[in-house]
Each structure stands twice: as structure tokens, then as C-alpha cells.
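Okay, structure first, notes after.
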There are 2 protein chains.
Amino acid sequence: MEPQPDPKTRMLDALRAAGVRVTNQRMVLLGLLAEARDHPDAAELHRRAQAADGAISLATVYRTLAVLQRAGVVQRHSFDGDSARFEQAHEPHHDHIVDLDTGRIVEFQSDKIERLQRQIAAELGFEVVHHRLELYCRRTGASGPTGRNPATDVATHSS
Amino acid sequence: MEPQPDPKTRMLDALRAAGVRVTNQRMVLLGLLAEARDHPDAAELHRRAQAADGAISLATVYRTLAVLQRAGVVQRHSFDGDSARFEQAHEPHHDHIVDLDTGRIVEFQSDKIERLQRQIAAELGFEVVHHRLELYCRRTGASGPTGRNPATDVATHSS
DNA sequence: TTATTTGCAAAACCTTTGCCCGCGA
DNA sequence: TCGCGGGCAAAGGTTTTGCAAATAA
């Protein structure tokens with residue numbers, strides 16, 4: 001079903017590429033991020049890690065995420081007033097829609113917008129190193145808030 | 001030079017429209033925001049307010065900014081890892097470029113991008129309530145960091 | 001063995017809040 | 001006068017850090 005090299009091997013490679021030691025905590029977190037279909041925050045990852053492993057501190061969650069982020073394996077997002085949320089880096093680059101009623105995150109991707117961003121920056125004498133685009137939305141024709149459930153689904157759209 | 005109604009009157013109007021009392025602290029902050037050419041954070045506004053007035057607490061800075069934001073007079077931004085930064089709301093709507101080397105903020109405006117955002121959201125069944133677009137950039141051909149100075153200038157660009 | 005990592009608890013930060021006094025209307 | 005608004009200090013939530021013990025290489 002999955003034509004990938006092998007999840008465990010990929011995780012090991014990621015850690016080796018980062019030039020850090022392979023610890024159980026890092027493997028657990030890497031695994032959680034790989035299977036996460038949402039964008040959990042540090043506390044949520046801590047909860048899941050404890051369920052999967054039993055012993056892992058919140059401090060380690062933060063430290064590990066920082067390491068993985070530096071290695072380019074993890075991306076950190078700060079939606080509006082929330083605490084930081086994380087996801088495994090994956091191609092292609094994408095941006096996010098935040099459903100204001102449910103908190104659900106939807107990913108989308110638009111080459112057109114990316115191109116316009118670079119163009120505008122260039123006109124002002126800049127080169128885009130990275131960017132951040134978040135659309136805070138409501139469902140079309142929605143009657144209103146229906147009850148927030150922790151973001152669990154991710155839809156993807158390309159344009 | 002300025003065909004505006006009169007700064008003081010406008011500030012009074014803003015407070016009245018917000019349905020709140022006119023206090024010295026609010027007038028001072030409103031004035032600081034009006035003349036600010038940058039995007040100061042709460043601590044910086046506190047510093048400036050003390051220089052201008054002498055007695056105003058950080059708590060009041062935060063409370064006043066919250067009031068003004070609710071009234072639509074002030075906009076709050078959270079660039080990357082920084083603390084919240086504020087600016088007086090002004091038309092047309094604009095987004096920001098953050099110069100990674102100097103920290104300087106440059107505003108720009110692009111109807112094209114706004115339109116694309118709405119279009120993408122619509123295709124996914126959403127309506128954009130508000131959004132956030134930040135381009136973290138480096139000057140084209142820049143040789144590298146030259147020394148961060150507190151953002152003081154604002155350039156504007158329309159497309 | 002030896003340099004990294006971890007856990008724990010404390011610290012750091014930014015922002016908000018409780019409480020009582022003072023000022024605006 | 002009446003009640004909103006302010007100052008102060010303490011609380012809150014998230015993220016980082018110092019230190020000694022544990023562990024990967």
C-alpha cells in the first residue's frame with residue numbers, strides 16, 4: 001500500500017541527517033508526526049507521546065521539535081492566538097485555511113499566489129525566504145458555530 | 001498638507017464611536033499610533049507613552065489597545081516569534097513584508113492576491129473572514145545582515 | 001568512556017486579571 | 001454622584017533553561 005522506503009528507516013535517516021543521536025523519544029515523536037492527520041500543539045503531542053511511550057517530558061517535546069524543525073523535518077505554525085502547532089514537513093509547499101467555527105485546518109496550495117508573492121517582493125527589492133499565509137474562514141452558507149472539535153481532518157486542494 | 005478633519009477631533013470621534021470614556025491615556029496612545037511610522041509592540045508603546053505623558057502603565061497599554069482594536073481603530077499583528085505589534089488601522093487593506101536582516105516592516109497591497117484567496121476559499125466551500133499574509137524576505141543582492149535597527153520606516157506598494 | 005539528551009523544576013516571557021482608588025461624565 | 005478606567009502586583013499560559021542523572025555511540 002505504501003511504496004515508501006520504510007517508515008523506521010526514514011526516521012533514522014532524518015535523525016542521522018540532522019547529526020543528532022537516535023533516542024527513543026525522538027523516534028516516538030517522529031512516528032507521531034508521521035501518522036498525525038492534524039496539526040497538534042506541543043501539549044497534544046506530549047499527551048500522545050505518553051500514551052505511546054509512557055515517559056517523555058514536555059520539555060523534551062519542545063526540544064525535539066526544535067531539533068526536527070532545524071533539520072527541516074518539522075514545520076511550526078502559530079495560528080492566531082493559539083499555541084504553536086506542528087506538522088511533518090511535506091511537499092508540495094502549502095498554506096492553511098482555519099475554519100473559525102470548528103478549528104479545523106485545511107491545507108491548500110496555489111502556485112499562482114506563490115508566484116505573485118515573489119513578484120511583489122521583487123518589485124520592492126526583496127527576495128522571499130519564507131512566508132505565511134493563513135485564511136480564517138467560515139463555511140459558505142454555514143448557519144453558525146456547530147461545536148468545536150479538535151482539528152482532526154485535513155483536506156487538500158491544489159490550484 | 002493634511003486635508004484631514006483635525007487629529008484631535010478624529011481621536012475623540014474614535015473614542016466616542018467605541019462608546020468609551022475619553023481619558024488622557026487613551027488620547028496619548030491614539031496620538032502615538034497616529035504618528036507612528038512603524039509597528040511598535042506594547043512595551044515600545046509603553047516607553048513612548050511614558051515619554052509623552054509620564055504616567056501610564058503597561059496594563060493600560062494592553063487594555064487600551066484591546067479597546068481600540070475592538071473599535072476597529074487599531075490592528076494587531078503577530079509576526080513570527082515576536083510579541084504582538086500594533087498599527088493604526090488604515091485603508092486600503094495591506095499585508096506585510098518583514099525584512100529578516102533589519103526587522104523593518106514594509107507594507108504592500110495586492111488586489112490580485114486577495115481575489116485569489118477568496119477564490120480558493122470558495123472552491124473549498126469557505127468564505128474568508130480575515131487573513132494573514134506575511135513575506136519574510138531579504139534584500140535582493142544583499143550581502144547579509146547589516147545590523148538590526150528597530151523598524152522605523154514603512155514603504156508602501158500597490159499592485 | 002564521554003559527549004549528548006533527558007527529566008524535573010524553576011525561570012522567562014508576554015499578556016491578562018483582581019482589587020481598590022481616582023477620574024470622567 | 002456613579003461607574004468606568006487606571007495602577008499595581010499577582011496570576012496565567014506557553015516556551016525555555018540550569019543542572020544532575022541517564023544513555024547513545
Side-chain angles (χ1 to χ4, degrees), chain A residues 8 11-30 32 39-47 49-50 52-71 73-86 103 150, chain B residues 8 11-32 39-50 52-71 73-86 103 150:
Chain A
K8 192 145 286 177
M11 300 201 292
L12 289 171
D13 288 347
L15 292 177
R16 292 206 195 91
V20 299
R21 291 186 178 173
V22 177
T23 65
N24 186 52
Q25 289 89 334
R26 285 172 180 162
M27 289 299 276
V28 168
L29 276 174
L30 227 25
L32 288 173
H39 296 64
D41 62 11
E44 175 62 22
L45 282 170
H46 183 215
R47 255 173 259 125
Q50 291 198 310
D53 175 87
I56 183 168
S57 73
L58 183 57
T60 294
V61 171
Y62 275 108
R63 279 190 281 229
T64 300
L65 287 170
V67 168
L68 297 179
Q69 186 183 14
R70 255 173 260 132
V73 178
V74 159
Q75 277 188 294
R76 180 187 210 122
H77 303 290
S78 303
F79 299 121
D80 256 9
D82 284 354
S83 41
R85 298 172 66 166
F86 304 84
Chain B
K8 192 145 288 177
M11 300 201 291
L12 290 171
D13 288 345
L15 292 177
R16 292 206 194 92
V20 298
R21 290 188 178 171
V22 177
T23 67
N24 186 51
Q25 289 90 332
R26 286 171 180 163
M27 290 299 276
V28 169
L29 276 173
L30 227 24
L32 287 173
H39 295 64
D41 63 12
E44 175 62 23
L45 282 169
H46 184 216
R47 255 173 257 124
R48 296 184 193 177
Q50 292 197 308
D53 173 88
I56 183 167
S57 73
L58 183 56
T60 294
V61 172
Y62 275 109
R63 278 190 280 233
T64 301
L65 287 170
V67 167
L68 297 179
Q69 186 183 14
R70 255 173 260 134
V73 179
V74 160
Q75 276 188 294
R76 180 190 210 119
H77 303 288
S78 302
F79 300 120
D80 255 8
D82 284 354
S83 42
R85 297 171 68 165
F86 304 84

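If you're wondering where the values come from, they're calculated on a predicted model, not measured in any experiment.
- Side chains of A:R26 and A:V22 form no contact here, defined as non-hydrogen atoms less than 4.5 Å apart.
- Proximity of a side-chain donor or acceptor of B:H46 to a complementary backbone N or O of B:V61 within less than 3.5 Å is not detected.
- A distance-only check finds a donor-acceptor pair linking the side chain of A:R85 to the backbone of A:H39 [under 3.5 Å].
- Of all the residues in residues 20-29 of chain B, B:R21, B:V22 reach under 4.0 Å from DNA chain C with at least one non-hydrogen atom.
- C:dC13 atom C1' lies 17 Å from atom CG of B:D80, rounded to whole Å.
- Atom OG1 of A:T64 is separated from atom CD of A:Q25 by 7.0 Å, given to the nearest 0.5 angstrom.
- Proximity of residues 60-69 of chain A to DNA chain D (heavy atom under 4.0 angstrom from any strand atom) is restricted to A:Y62, A:R63.
- One atom, CG of A:L12, and another, P of D:dA25, lie 9 Å apart when rounded to the nearest Å.
- When each of D:dT15, C:dC14, C:dT17 is scored by its nearest atom to the side-chain atoms of B:A59, the top-ranked nucleotide is C:dT17.
- The CG atom of A:L58 sits 10.0 Å away from the CZ atom of A:R47 when rounded to the nearest 0.5 Å.
- Between the side chain of B:H77 and the backbone N or O of B:A84, no donor-acceptor pair lies under 3.5 Å.
- To the nearest angstrom, C1' of C:dG24 lies 13 Å from CZ of B:R16.
- We find that CG of A:D41 is positioned 16 Å from C1' of D:dT16, with the value rounded to whole Å.
- With hydrogens and angles disregarded, a donor-acceptor distance shorter than 3.5 Å links the side chain of B:D41 to the backbone of B:A43.
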statement: Output field dot_bracket for DNA chain C (Watson-Crick or G-U, both distances under 3.5 Å, | for other-strand pairs) contains |||||||||||||||||||||||||
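- Computed from coordinates, the B:H46 NE2 to D:dG6 P distance equals 13 Å when rounded to whole Å.
- Taking atom NE2 of residue B:H77 and atom C1' of nucleotide C:dT15, one finds them 18 Å apart after rounding to whole Å.
- Contact of the A:L65 side chain with the A:R76 side chain is not registered, since no non-hydrogen atoms from C-beta on lie closer than 4.5 Å.
- Side chains of B:R21 and B:L15 form no contact here, defined as non-hydrogen atoms less than 4.5 Å apart.
- In this entry the distance linking CG of B:L58 with C1' of D:dA10 reads 14 Å, nearest Å.
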